[in-house]
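Take a look at the structure below.
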Amino acid sequence: MESLREYPIQPLTPEVVWAALDLTQRYRISYWDAAILAAARLSGCETLLTEDLGDGQDYGGVRVANPFAVA
């Protein structure tokens, strides 16, 4: 658990919620996926590793990469 302290944490702020709601409507994705994307973008993340969203899709400045996709 100590090693996790070196990673930044994005608090759930009104800015994250509003950005997530915008992403939900724009891309027709669940609020929870949109909240992860919004938090990632606000943290300065450019790539999000997930198998739950479209591989290669750019969601408002955050590109999704599926680590299990066949190359």
Side-chain angles (χ1 to χ4, degrees):
M1 292 300 291
E2 281 299 314
S3 64
L4 294 176
R5 289 181 184 245
E6 64 188 72
Y7 294 102
I9 296 173
Q10 172 62 52
L12 182 59
T13 63
E15 185 178 14
V16 172
V17 173
W18 287 115
L21 291 172
D22 178 57
L23 290 169
T24 297
Q25 290 190 355
R26 183 185 303 170
Y27 297 103
R28 306 274 185 217
I29 58 177
S30 76
Y31 170 79
W32 304 109
D33 289 336
I36 292 169
L37 286 163
R41 184 170 49 88
L42 291 168
S43 294
C45 178
E46 296 175 357
T47 304
L48 177 69
L49 299 177
T50 181
E51 61 183 313
D52 294 331
L53 296 167
D55 185 44
Q57 173 76 36
D58 184 278
Y59 293 91
V62 177
R63 187 181 63 81
V64 165
N66 182 344
F68 304 109
V70 178

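Sequential numbering from 1 along the given sequence is applied to the chain's residues.
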field: Pairs satisfying salt bridge (charged side-chain N to carboxylate O under 4.0 Å, His left out), at least one member in residues 14-43, at least two apart
entry: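 Found D22-R26.
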
Are any side-chain N or O atoms of [X] and backbone N or O atoms of [Y], one a donor and one an acceptor, separated by less than 3.5 Å?
X: T50; Y: D52; answer: yes
X: D55; Y: N66; answer: yes
X: Y27; Y: G60; answer: yes

- prompt: Hey, what do you get for CZ (R63) to CD (Q57), rounding to the nearest 0.5 Å?
  reply: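 The distance works out to 11.0 Å.
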
Determine the minimum heavy-atom distance between [X] and [Y], stating which atoms define it.
X: T47; Y: A65; value: CG2-CB, 3.9 Å
X: A20; Y: Y31; value: CB-CE1, 3.5 Å
X: V16; Y: A35; value: CG1-O, 4.1 Å
X: G61; Y: D58; value: N-OD1, 3.0 Å

- prompt: Which other residues end up in the same hydrophobic cluster as M1, if Ile, Leu, Val, Met, Phe, Trp and Tyr are linked when side-chain heavy atoms come under 4.5 Å apart?
  reply: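 L4, Y7, listed by chain and number.
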
Spell out, yes or no, whether [X] and [Y] are grouped together once hydrophobic residues are joined by side-chain heavy atoms under 4.5 Å, including indirect joins.
X: I29; Y: I36; answer: yes
X: L42; Y: L21; answer: yes
X: W32; Y: L12; answer: yes

message: A side-chain contact here means heavy atoms from C-beta on lying under 4.5 Å apart; do L53 and L37 qualify?
response: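 Answer yes - side chains close enough.
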
